[in-house]
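Here the structure is a predicted model, which is why all the values come from computation and not from measurement. Sequence lines set the chain letters: A, B, ... in the order given, protein chains first and strands last, and positions in each chain run from 1.
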Amino acid sequence: MARHSRKGVNRRFTVPGSRLPGHDRKVQKPTMTEERSERDAARLAKLDELRSAGIEPYPARLQQPRTHTATEAIAAFVASESDGDDALPVSVCVAGRMMSRRLMGKVGFAHIDDGSAHLQVFVRRDTVGEETFELFKRLLDLGDFIAVCGEMMRTRTGEISVNAQSMQLLSKSLEPMPDKWHGVKDVETRYRRRYVDLMINPEVREVFVARARMVQAIREYLDGAGFIEVETPVLQPIYGGAAARPFTTYHNQLKQDLFLRISFELYLKRLLVGGLEKVYEIGRDFRNEGISFKHNPEFTQLEWYEAYADYHDVMRRVEDMLAHIARRLTGGTLITYRGHEIDLAPPWRRVTLRDAIIEYADLDYAQYPTAAELADAMRAKGHHPETTSNRGRLIDSLLSNYVEPNLIQPTFVLDYPIEISPLAKKTPDDPTSVERFEYFIAGMEMGNAFSELNDPLDQRERMEWMQQLYGAEDEERHPMDEDYLLAMSYGMPPNGGFGTGIDRLAMLFTDSATIRDVLLFPHLRSLERSDAAGDEEPQP
RNA sequence: GGGCCGCUAGCUCAAUGGUAGAGCAAGGGACUUUUAAUCCCUAGGUUACAGGUUCGAGCCCUGUGCGGCUCACCA
């Protein structure tokens, strides 16, 4: 937009609102642009009026530097009040977005929001002068950023306020603010224009502050336990470490197909080979799968690997870490999620997958050694298995359909079928099962861990077996990763590994019903697509 | 991808198949301690889009778009 000079091209086209979603659908009709500009005419006229009065609506800096956030200004005034008669006046310069304004003749009130608090500003014509009062009264709009300097005071009704001595416009808003009382409720608008959601709905900001504090608590815990944080490639020539379909991309100069990672696992375990004993990574994974209240195409994952630990050690660390997060966020280990009171205090319940399925689905899969037998037994119990599934997937479906919804309190489910766990060590007493657990809270799968397989020959067999088991046409079939096998052949210490969805933890700790509420910009279908569809053929 | 539900002014919401409204926001006016300020006036709409039924459609039907819930796959 910089190419449009101030007094050059029709300024209408620089109005951000002309590209807002609700108008993109209609933007091809010029009449709508005209109507749009009519609605904006008042604010655009104010821009002209401000400039001709010598007031730059988008100044580069404050005339007087900010001395206090809203919270600090209030605190400073409260402190001075406690001095009683000896109290000295508290002079402040504050800045923020004007959220409300009440005009009454030659005096007026406004609230500014700077992210720390709302602070009332009292503006009296006799104090600020004719010119500034006119600016405040007539040329400012809700949504404008302003700076205000003055002494702190209490109004007649007792509200701590800034008694404005001077006022500066910092940034003009050309879009109307949403309803000050109701905010924005439409979820599509809230997700597509998160900035509007954040500016008007204070509880949204709280969710993301809590999420940030949660991640901070995780790093604090792991750093304190001697882990180092590392970063591994997002763009990978061979994807792996999970059962999921990847996004593909292409490097032009290398003429090479690349995949966006679906997990960090294979790279982090290479680091154990290299001698880093405790590593973790917090980063983005990408999975080309369905979208739901607990699935976004890109999501934040925590994975760690710890040499000389097995999956029992990992369980102890997981329950310890989550209790640590809860204490940091709430002071205790009790949290409420969607009406359930959940206690994260260790130790959590531990139950084998087999026992859990016996308990909740009334079926002992150990009695049915083949997929066909198990599927028959499931049908006899009134379940409806996919006919094409292998035995591991059948067991997994029993878990997610019958067990998972019942696991409200934190629970480790352990010892998984080998067919769906190619990177985990076999259990010593049962070669069809592996030392793996998933943990569940509030009926949601939260994470996954193994005693990591470190036998290179076993790993090669397992990968080759997976190739056969899933068939060439299966989209979750993974390519062989020869370099990973090579790394393991150098010798990998026995270790316990763990992965968990940061977004799901954030849902849990912020009592959010959907992953979209803990993602600042959840993935939504583009609106532009519908406009382009009629004009041109989609690209192949 | 399947099923169900939704889409009306910038925002929040009304409107038996019969003239599309209100509050807030916006524009004009009154008001020197208000706080969802108050009072008077004004403007603002291709009811998501495209068809159909009907004398007449925001409402009924079909399709499309976007969203929500849900099922399937997955963390």
Exercise for the section: Just call it for A/G183: base, sugar-phosphate, or nothing, with non-hydrogen atoms closer than 4.0 Å on any strand. Expected result: sugar-phosphate
Handout entry: Pair of N/O donor and acceptor under 3.5 Å linking B/rG67 base with A/D186 side chain
Key = no
Practice task
Ignoring backbone atoms, establish whether A/R102 has a side-chain N or O less than 4.0 Å from OP1 or OP2 of B/rA37.
Solution key: yes
Practice task
Tell me what A/D141 touches on the nucleic acid: a base, only sugar-phosphate, or nothing, going by heavy atoms under 4.0 Å.
Solution key: sugar-phosphate
Problem - Counter-base of B/rC69, judged by Watson-Crick or G-U geometry with both distances under 3.5 Å - result: B/rG3
Problem - Identity of whatever pairs with B/rA48 - Watson-Crick or G-U, under 3.5 angstrom - result: B/rU64
Handout entry: Nucleotide opposite B/rU8 in a Watson-Crick or G-U pair, distances under 3.5 Å
Key = none
Exercise for the section: Determine the contact category for A/G501: base if any of its heavy atoms lies under 4.0 Å from a base atom, sugar-phosphate if only primed atoms, P, OP1 or OP2 are that close, otherwise nothing. Expected result: nothing
Fill in the blank from the handout: pair_partner(B/rA57), Watson-Crick or wobble, both distances < 3.5 Å, evaluates to none
Fill in the blank from the handout: Taking B/rU32, B/rC73, B/rC66 as options, the one with an atom nearest any side-chain atom of A/R124 is B/rU32
Exercise for the section: Check every atom of B/rU32, B/rU34, B/rU12 against the side chain of A/V107 and return the nucleotide holding the closest atom. Expected result: B/rU32
Exercise for the section: Check every atom of B/rC69, B/rC24, B/rG67 against the side chain of A/R516 and return the nucleotide holding the closest atom. Expected result: B/rC69
Practice task
Please determine, for the side chain of A/K46, which listed nucleotide (B/rU33, B/rG27, B/rU12) has the closest atom?
Solution key: B/rG27
Problem - Shortest non-hydrogen contact from A/Y402 toward A/A361 - result: CB-CB, 3.8 Å
Practice task
Ignoring the backbone of A/H182, work out which of B/rA25, B/rG27, B/rA36 is nearest its side chain.
Solution key: B/rA36
Practice task
Look at all strands and tell whether A/I200 reaches a base, only sugar-phosphate, or nothing, counting heavy atoms closer than 4.0 Å.
Solution key: nothing
Exercise for the section: Please state whether the phosphate of B/rA37, meaning OP1 or OP2, lies under 4.0 angstrom from any side-chain nitrogen or oxygen of A/R101. Expected result: no
Problem - Step-by-step side-chain contact (heavy atoms from CB on, under 4.5 Å) determination, A/Q409 to A/I342 - result: CA-CA 6 Å; A/Q409 295 302 317; A/I342 293 169; 4.0 Å; yes
Practice task
Determine which nucleotide pairs with B/rA20, using a 3.5 Å limit on both distances of a Watson-Crick or G-U wobble pair.
Solution key: none
Handout entry: Below 4.0 Å: OP1/OP2 of B/rA25 and any side-chain N or O of A/K180
Key = yes
Fill in the blank from the handout: Comparing nearest nucleotides in RNA chain B, the 5'-proximal residue of the pair A/N401, A/N448 is A/N401
Handout entry: 5' precedence on RNA chain B between A/D285 and A/S100 (nearest-nucleotide basis)
Key = A/S100
Problem - Nucleotide B/rA14, atom P - distance to NZ of A/K185 in whole Å - result: 10 Å
Handout entry: Least distance between heavy atoms, A/R338 atom then A/D511 atom
Key = N-OD1, 2.6 Å
Problem - Aromatic A/Y416 / basic A/R436 pairing, under 6.0 angstrom, 45° off normal - result: yes
Practice task
Check every atom of B/rG10, B/rG68, B/rA26 against the side chain of A/P176 and return the nucleotide holding the closest atom.
Solution key: B/rG10
Handout entry: Distance, P atom - from B/rG23 to B/rG56, rounded to whole angstrom
Key = 34 Å
Exercise for the section: Please evaluate the base of B/rU33 for a donor-acceptor partner in the side chain of A/R156 within a cut-off of under 3.5 Å? Expected result: no
Completion exercise
Considering only heavy side-chain atoms of A/F293, the closest of B/rG23, B/rC31, B/rU70 is B/rU70
Exercise for the section: Report yes or no: does A/R245 contribute a side-chain atom to a donor-acceptor pair with the main-chain N or O of A/R287 at less than 3.5 Å? Expected result: no
Practice task
State whether A/E319 and A/R350 are salt-bridged, where the test is any N-O pair (Lys NZ or Arg NE/NH1/NH2 against Asp/Glu carboxylate O) under 4.0 Å.
Solution key: yes
Exercise for the section: Could you tell me whether A/M153 contacts a base, only the sugar-phosphate backbone, or nothing, with contacts defined as non-hydrogen atoms closer than 4.0 Å? Expected result: base
Exercise for the section: Can you check whether any acceptor in the base of B/rU34 is under 3.5 Å from a donor in the side chain of A/E159, or vice versa? Expected result: no
Exercise for the section: Can you spot which of A/R97, A/R101, A/E159, A/H118 makes a side-chain hydrogen bond (donor to acceptor under 3.5 Å, both in side chains) with A/H111? Expected result: A/E159
Exercise for the section: Tell me what A/Q120 touches on the nucleic acid: a base, only sugar-phosphate, or nothing, going by heavy atoms under 4.0 Å. Expected result: base
Problem - Opposite nucleotide pairing with B/rU32, Watson-Crick or G-U, both atom distances under 3.5 Å - result: none
Fill in the blank from the handout: Taking B/rU33, B/rU32, B/rA25 as options, the one with an atom nearest any side-chain atom of A/K106 is B/rU32
Problem - Backbone N/O of A/H523 and side chain of A/N296: donor-acceptor pair under 3.5 Å - result: yes
Problem - Span that lies between the C1' atom of B/rC24 and that of B/rC59, in whole angstrom - result: 27 Å
Problem - Watson-Crick or G-U wobble mate for B/rA26, both contacts under 3.5 Å - result: B/rU42
Problem - B/rA9 versus B/rG58 - spacing of their P atoms, nearest Å - result: 14 Å
Practice task
Choose from B/rU33, B/rG67, B/rC24 the nucleotide whose nearest atom is closest to any side-chain atom of A/R192.
Solution key: B/rG67
Problem - Whole-Å P distance, B/rG6 and B/rG21 - result: 24 Å
Completion exercise
Out of B/rG27, B/rC66, B/rU32, minimum distance to the side chain of A/R525 belongs to B/rC66
